[in-house]
Undergrad: 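Shown below is the structure under consideration.
Since the model is a prediction, treat every value here as computed from it, not as a measurement. Both backbone and side-chain heavy atoms feed into the values below; hydrogens, waters and symmetry mates do not.
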Amino acid sequence: MSSKQQILANIRKHRPASSPLPDLNEAWIEYEDREAQFWETLKFVGGQGQSLDDRSQLEAAVRQLPCFPDARQIVCRVAGLSLGNVDVDSIDDPHDLASVDLAILPGEFAVAENGAVWVTERTVRHRAIYFLTQHLVLVAPRGQLLDNLHQAYERLRFGEPGYGLFISGPSKTADIEQSLVIAHGRGR
């Protein structure tokens, strides 16, 4: 028996007993004002945002962002906005997105419990844009705000291969001394 086969045999031999999955049919957290909860949670995790009534308010709000005046390369995939100057569909190599200063991208829905927005590759050719851009603006429809992740998981559909993730606030890490570092973008 090879060492690989021996390792796998030992793993199988010491496998823990199966246990039933938990019952998920119970009342999960719901918020009296889920929009207020979403903004509070998003702020707590280091993000920021606001509720707007239409695309003209959204465009004006993006133009007021501190990063906007210095943004040279902007990707915008939100319908009705005229802010982008980089055609992400014409880019073949996702590495070429490393110089994007601002990306304004649509989200499908948001979750008040953790301040997250669900995004997919359906409207964005290169999923790397979510991580390479210096600044990220996610736009989720107001009517698509859920209370909790249980409701969110019920909405997810994986009929065919694809990509999706929840994004909540800027990237952050804490070391052993519990010092939190919030990363708003790459250095120049």
Undergrad: Going hydrophobic residue to hydrophobic residue with side-chain gaps under 4.5 angstrom, can you get from Leu165 over to Val137?
TA: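 Result: no, two separate clusters.
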
Undergrad: Which heavy-atom pair separates Ala103 from Ile129 by the least distance, and what is that distance?
TA: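 The pair with the smallest heavy-atom distance is CB-CG1, 3.9 Å.
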
Undergrad: His135 versus Leu65: any side-chain heavy-atom pair under 4.5 Å?
TA: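 In short, these two side chains do not touch, never coming nearer than 4.5 Å.
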
Undergrad: For the backbone of Tyr163 and the side chain of Thr120, can you confirm whether one donor and one acceptor N or O come within less than 3.5 Å of each other?
TA: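 Not a single qualifying donor-acceptor pair exists.
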
Undergrad: With distance as the sole test, does Asp101 use its side chain to make a donor-acceptor pair with the main-chain N or O of Gln134 at under 3.5 Å?
TA: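 The answer is no, because no donor-acceptor pair under 3.5 Å joins these two groups.
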
Undergrad: List the steps and the verdict of salt bridge (charged side-chain N to carboxylate O under 4.0 Å, His left out) for Arg34 and Asp147.
TA: CA-CA 6 Å; Arg34 78 174 59 121; Asp147 286 303; 3.0 Å; yes

Undergrad: Is it true that a side-chain atom of Thr41 and a backbone atom of Gln37 form a donor plus acceptor pair closer than 3.5 Å?
TA: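 Looks like yes, one N/O pair under 3.5 Å.
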
Undergrad: Could I get the full list of side-chain contact (heavy atoms from CB on, under 4.5 Å) partners for Asp54, not counting sequence neighbours?
TA: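 Asp54 satisfies side-chain contact (heavy atoms from CB on, under 4.5 Å) with Ser56, Gln57 once adjacent residues are dropped.
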
Undergrad: In Å, rounded to the nearest 0.5 Å, how long is the span from CZ of Phe131 to CD1 of Ile167?
TA: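 Here the interatomic distance stands at 5.5 Å.
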
Undergrad: In the single-linkage hydrophobic clustering (I, L, V, M, F, W, Y; side-chain heavy atoms under 4.5 Å), do Leu138 and Ile104 co-cluster?
TA: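 Different clusters.
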
Undergrad: Measuring only between side-chain heavy atoms, which start at C-beta, is Leu81 closer than 4.5 Å to Cys76?
TA: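 Side-chain contact under 4.5 Å: yes.
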
Undergrad: Show your reasoning for whether side-chain contact (heavy atoms from CB on, under 4.5 Å) applies to Val75 and Leu105.
TA: CA-CA 8 Å; Val75 170; Leu105 307 172; 4.2 Å; yes

Undergrad: Run the side-chain hydrogen bond (donor to acceptor under 3.5 Å, both in side chains) test on Gln6 and Ser2 for me, step by step, so that the C-alpha distance in whole Å, both residues' side-chain angles and the decisive distance to 0.1 Å come before the verdict.
TA: CA-CA 6 Å; Gln6 182 63 43; Ser2 73; over 6 Å; no

Undergrad: Only pairs at least two apart or in different chains count here, so list each side chain to side chain donor-acceptor pair (under 3.5 Å) that has a residue in residues 82-92.
TA: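 Listed by first then second residue: Glu59-Ser82, Arg77-Asp89, Asp92-Arg125.
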
Undergrad: Which is it for Leu156 and Phe109 under the side-chain contact (heavy atoms from CB on, under 4.5 Å) test, yes or no, and what are the steps along the way?
TA: CA-CA 10 Å; Leu156 303 181; Phe109 57 86; 3.8 Å; yes

Undergrad: Is Leu42 linked to Val139 within one hydrophobic cluster, defined over Ile, Leu, Val, Met, Phe, Trp and Tyr using a side-chain heavy-atom separation of less than 4.5 Å?
TA: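 In one cluster with Leu42: Val139, no.
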
Undergrad: What pair of heavy atoms forms the shortest contact from Trp39 to Ser51, and how long is it?
TA: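 What the structure gives for the nearest pair is CZ2-N, 3.5 Å.
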
Undergrad: What do the steps show when you test Val100 against Leu132 for side-chain contact (heavy atoms from CB on, under 4.5 Å), and what is the final call?
TA: CA-CA 7 Å; Val100 171; Leu132 293 179; over 6 Å; no

Undergrad: Taking atom CD as the centre, does Gln48 end up with more than 12 heavy-atom neighbours from other residues, nucleotides or ligands that are less than 6.0 angstrom away?
TA: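 Open: at most 12 neighbouring heavy atoms sit under 6.0 Å from CD of Gln48.
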
Undergrad: Does the side chain of Leu102 reach to within under 4.5 Å of the side chain of Val62, using non-hydrogen atoms?
TA: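 Answer yes - side chains close enough.
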
Undergrad: Any chance you could lay out the side-chain contact (heavy atoms from CB on, under 4.5 Å) test for Arg63 and Leu83, step after step, and finish with the verdict?
TA: CA-CA 9 Å; Arg63 290 182 184 280; Leu83 296 169; 3.4 Å; yes

Undergrad: State, to 0.1 Å, how close Gly107 and Pro141 come at their nearest heavy-atom pair, and which atoms those are.
TA: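 In this case the closest contact between Gly107 and Pro141 is O-CD, 3.5 Å.
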
Undergrad: Is there a path of hydrophobic side-chain contacts, each under 4.5 Å between heavy atoms of I/L/V/M/F/W/Y residues, joining Val119 to Val86?
TA: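 Yes, Val86 and Val119 fall within the same hydrophobic cluster.
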
Undergrad: Does some side-chain heavy atom of Gln144 sit less than 4.5 Å from a side-chain heavy atom of Glu108?
TA: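 They are not in contact (no side-chain heavy atoms under 4.5 Å apart), so the answer is no.
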
Undergrad: Say you draw a straight line from CH2 of Trp118 to OG of Ser168; how long is it, rounded to the nearest 0.5 Å?
TA: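 With rounding to 0.5 Å, CH2 (Trp118) is 14.0 Å from OG (Ser168).
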
Undergrad: Distance from Gln50 atom CD to Gln64 atom CD, nearest 0.5 Å?
TA: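 Taking CD in Gln50 and CD in Gln64, the distance rounds to 9.5 Å.
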
Undergrad: Any donor-acceptor pair under 3.5 Å linking the side chain of Arg157 with the backbone of Glu154?
TA: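 Pair found, side chain donor or acceptor close to backbone of Glu154.
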
Undergrad: Nearest 0.5 Å please: distance from the CD1 atom of Ile7 over to the NZ atom of Lys4.
TA: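 If we round to the nearest 0.5 Å, Ile7:CD1 and Lys4:NZ are 10.0 Å apart.
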
Undergrad: Would Leu52 and Val117 show up in the same hydrophobic cluster when neighbours are defined by side-chain heavy atoms closer than 4.5 Å?
TA: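 Hydrophobic grouping puts Leu52 apart from Val117.
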
Undergrad: Any side-chain heavy atom of Phe38 within less than 4.5 Å of one from Val111?
TA: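 No - every pair of side-chain heavy atoms lies 4.5 Å or more apart.
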
Undergrad: Are the side chain of His126 and the backbone N or O of Ile91 linked by a donor-acceptor pair below 3.5 Å?
TA: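 Pair found, side chain donor or acceptor close to backbone of Ile91.
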
Undergrad: In chain order, what residues pass the side-chain contact (heavy atoms from CB on, under 4.5 Å) check against Asn148, with sequence neighbours excluded?
TA: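 So Asn148 forms a side-chain contact (heavy atoms from CB on, under 4.5 Å) with Trp28, Ile29, Glu113, His150, Gln151.
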
Undergrad: Can you give me the closest heavy-atom contact between Ala36 and Asp33, atom names plus distance?
TA: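 Here Ala36 and Asp33 meet closest at N-OD1, 3.1 Å.
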
